[in-house]
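Everything below concerns the one structure shown next.
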Amino acid sequence: MRPALVCCAGILASCAALAQPALAPEYDCLIEARQALDIRSPVEGVIEAVLVQRGASVKKGQTLAMLFSGPERAALDLARSRAGNEGEIKSAEARVELTRKKYERAEELVKKNFVSANARDEAEAEYRLATEQLRVAQENRKLAELEVKRAEEILSQREIRSPVSGIVVEVMLRPGELTSSNQKDPIIKLIQVDPLNVELILPVQAYGRIRAGQRAWVMPEAPVGGKYIARVEVVDPMFDAASGTFGVRLTLPNPDRKIPAGLKCRARF
């Protein structure tokens, strides 16, 4: 009886194992930065200050470095002074008001035959000339305001700001060094780590089962470990004929920046 019972137990265990669903396969993957940026200056200049250091977290729009900007600040102050000058407009307005009254009096006196029509015409011409002078003064004021905006834009180029939120990887140039847009070395190297990219190379047999928007589990290697949810962002529409594979990219949220870039992982769909 005992051999028979052992045999039956083995058969039942085998049947139970067959009844359990097989786990989805896991694939090797690599966690990468969303993007790596070389931060350069749009204009040539000497670096006055670098405000961040290696490993620093920065936010989008944060000032990373500043160039010497004495002439640009002076030009902005001059433009603001011109834009704020009210003397020309007030003088033109007073002249318009004076010539208008003179013209109106001349018009009344002509009706009473106290002055000639020629005197009235001269008063009208002076009024029209004063009106045109006021218009020119107002246009000059608008041009001065535009000059302020132009000077502000030129000055803003002397401040190097971060285009994304990320982490400083390396500071390449220091205060006192010359920088420009076409220089070989950037001022700062920056990476964006929220979200992260997860790159996979899958066999062609998996094509069609992986679709954009699909969720996947990503398991980083030690010492990070853990299990995180990512979403399929890109499924390459072309195979690599030599290896019989295609590429897939996942987007992995990383708001707390706990997961570093450059880490190997496993992924399961």
Would you check, one step at a time, whether the test side-chain contact (heavy atoms from CB on, under 4.5 Å) holds for Leu190 with Ile167? CA-CA 6 Å; Leu190 187 71; Ile167 296 175; 5.5 Å; no
Checking Lys102 against Tyr127 for the side-chain contact (heavy atoms from CB on, under 4.5 Å) test, could you report, in this order, the C-alpha distance in whole Å, the side-chain angles of both residues, the deciding distance, and whether it holds? CA-CA 8 Å; Lys102 183 178 179 180; Tyr127 172 61; over 6 Å; no
Candidate pair Glu132 and Arg128, rule salt bridge (charged side-chain N to carboxylate O under 4.0 Å, His left out), full reasoning: CA-CA 6 Å; Glu132 287 299 314; Arg128 292 183 182 276; over 6 Å; no
Take Lys60 and Gln192, measure what side-chain contact (heavy atoms from CB on, under 4.5 Å) needs, and give me the verdict at the end. CA-CA 10 Å; Lys60 182 177 181 180; Gln192 182 183 6; over 6 Å; no
Begin with the C-alpha distance, continue with both residues' side-chain angles, and end with the deciding distance and a verdict on side-chain contact (heavy atoms from CB on, under 4.5 Å) for Glu233 and Asn197. CA-CA 9 Å; Glu233 181 182 8; Asn197 290 339; 4.2 Å; yes
Evaluate the criterion salt bridge (charged side-chain N to carboxylate O under 4.0 Å, His left out) for residue pair Glu97 and Arg100; output intermediate values, then yes/no. CA-CA 5 Å; Glu97 183 65 16; Arg100 182 184 64 80; 2.5 Å; yes
Assess whether salt bridge (charged side-chain N to carboxylate O under 4.0 Å, His left out) is satisfied between Arg150 and Glu147, documenting all intermediate values. CA-CA 5 Å; Arg150 178 176 178 273; Glu147 187 63 29; 3.4 Å; yes
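Minimum heavy-atom separation, Gln157 to Val43: OE1-CG1, 3.2 Å. When all heavy atoms of Leu173 and Asp185 are compared, the closest pair comes out as CD1-O, 4.0 Å. Pairing each heavy atom of Ser165 with each of Lys59, the nearest pair is OG-CA, 3.6 Å. Closest non-hydrogen pair, Leu250 versus Ala216, comes out as CD1-CB, 4.1 Å. What you find for Leu134 and Ala92 is that their closest heavy atoms are CA-CB, 3.6 Å. Taking every heavy atom of both residues into account, Pro220 and Cys265 meet most closely at CA-CB, 3.8 Å.
A salt bridge does not link Glu170 to Arg54: none of the charged nitrogens lies less than 4.0 Å from a carboxylate oxygen. Ion pairing between Glu107 and Lys111 fails under the 4.0 Å rule for side-chain N and carboxylate O. Salt-bridge annotation for Arg266 and Glu221: absent, with no side-chain N of the basic residue lying under 4.0 Å from a carboxylate O of the acidic one. Salt-bridge formation is not detected for the pair Arg120/Glu124: no Lys NZ or Arg NE/NH1/NH2 atom is positioned less than 4.0 Å from an Asp or Glu carboxylate oxygen. Ion pair Lys90/Glu93 not flagged as a salt bridge, since none of the NZ, NE, NH1 or NH2 atoms sits closer than 4.0 Å to an Asp/Glu carboxylate oxygen. Salt bridge annotation for Glu159-Arg161: present, with a cationic side-chain nitrogen under 4.0 angstrom from a carboxylate oxygen. Using a cut-off of 4.0 Å between Lys/Arg side-chain N and Asp/Glu carboxylate O, Glu152 and Arg80 are scored as salt-bridged. Salt-bridge formation is not detected for the pair Glu48/Arg73: no Lys NZ or Arg NE/NH1/NH2 atom is positioned less than 4.0 Å from an Asp or Glu carboxylate oxygen. Contact check on Lys149 versus Glu153 returns no salt bridge, with no Lys/Arg side-chain nitrogen under 4.0 Å from an Asp/Glu carboxylate oxygen. Contact check on Lys264 versus Asp28 returns no salt bridge, with no Lys/Arg side-chain nitrogen under 4.0 Å from an Asp/Glu carboxylate oxygen.
Contact of the Leu37 side chain with the Pro163 side chain is registered, since non-hydrogen atoms from C-beta on lie closer than 4.5 Å. At a threshold of 4.5 Å between non-hydrogen side-chain atoms, the residues Pro195 and Asn254 do not count as touching. Looking only at side-chain heavy atoms (C-beta outward), Ile39 and Pro186 stay at 4.5 Å or farther from each other. Within the 4.5 Å cutoff, no side-chain heavy atoms of Leu196 are placed close to those of Arg34. Within the 4.5 Å cutoff, no side-chain heavy atoms of Trp217 are placed close to those of Phe269. Counting only heavy atoms from C-beta outward, the side chains of Thr245 and Phe239 never approach each other to under 4.5 Å. Considering only heavy atoms from C-beta on, Ile31 stays 4.5 Å or farther from Tyr228 through its side chain. Side-chain contact between Leu76 and Val148: present, with at least one pair of heavy atoms (C-beta onward) separated by less than 4.5 Å.
From Glu72, atom CD reaches atom CG of Leu67 across 9.0 Å, with rounding to the nearest 0.5 Å. For the atom pair Leu263 CG and Glu32 CD, the distance stands at 11.5 Å (nearest 0.5 Å). Summarising the geometry, atom NZ belonging to Lys258 is positioned 12.5 Å from atom CG belonging to Asp194; distances are rounded to the nearest 0.5 Å. Summarising the geometry, atom CD1 belonging to Ile160 is positioned 4.0 Å from atom OG belonging to Ser41; distances are rounded to the nearest 0.5 Å. Distance CG/Leu202 to CZ/Phe246: 4.5 Å, rounded to 0.5 Å. Rounding to the nearest 0.5 Å places CD of Glu104 at 10.0 Å from OG1 of Thr99.
Side chain of Asn85 to backbone of Gly87: a donor-acceptor contact under 3.5 angstrom is found. Glu108 contributes no side-chain N or O that, together with a main-chain N or O of Arg105, makes up a donor-acceptor pair within less than 3.5 Å. Of the possible polar contacts, one joining the Arg231 side chain to the Gly213 backbone as a donor-acceptor pair under 3.5 Å is found. Checked by atom type and distance alone, the side chain of Arg249 never pairs as donor or acceptor with a backbone atom of Val235 at under 3.5 Å.
Hydrophobic clustering keeps Ile188 apart from Val46 (ILVMFWY residues linked when any side-chain heavy atoms are closer than 4.5 Å, directly or through intermediates). Residues Val204 and Ile210 share a single hydrophobic cluster, defined by chaining ILVMFWY side chains whose heavy atoms lie under 4.5 Å apart. Val58 and Met66 fall into different hydrophobic clusters, where Ile, Leu, Val, Met, Phe, Trp and Tyr are joined by side-chain heavy atoms under 4.5 Å apart, directly or via other members. Linking ILVMFWY side-chain heavy atoms closer than 4.5 Å, directly or via other members, places Val168 and Val164 in a single hydrophobic cluster. Note on Val248 and Leu30: separate hydrophobic clusters, where clusters join Ile, Leu, Val, Met, Phe, Trp and Tyr whose side-chain heavy atoms are under 4.5 Å apart, directly or indirectly.
Side-chain contact, Ser180 with Asn182: a donor N or O sits under 3.5 Å from an acceptor N or O. A donor and an acceptor atom, one from each side chain of Arg95 and Gln133, are located under 3.5 Å apart. At a cut-off of 3.5 Å, with distance as the only test, no side-chain donor of Ser162 or Gln62 sits close to an acceptor on the other residue. Side chain to side chain, Arg40 and Thr179 fail the donor-acceptor criterion of an N or O pair below 3.5 Å.
By the neighbour-count criterion of 12 heavy atoms within 6.0 Å, atom CD of Gln53 is sparsely surrounded, having that number or fewer from other residues, nucleotides or ligands.
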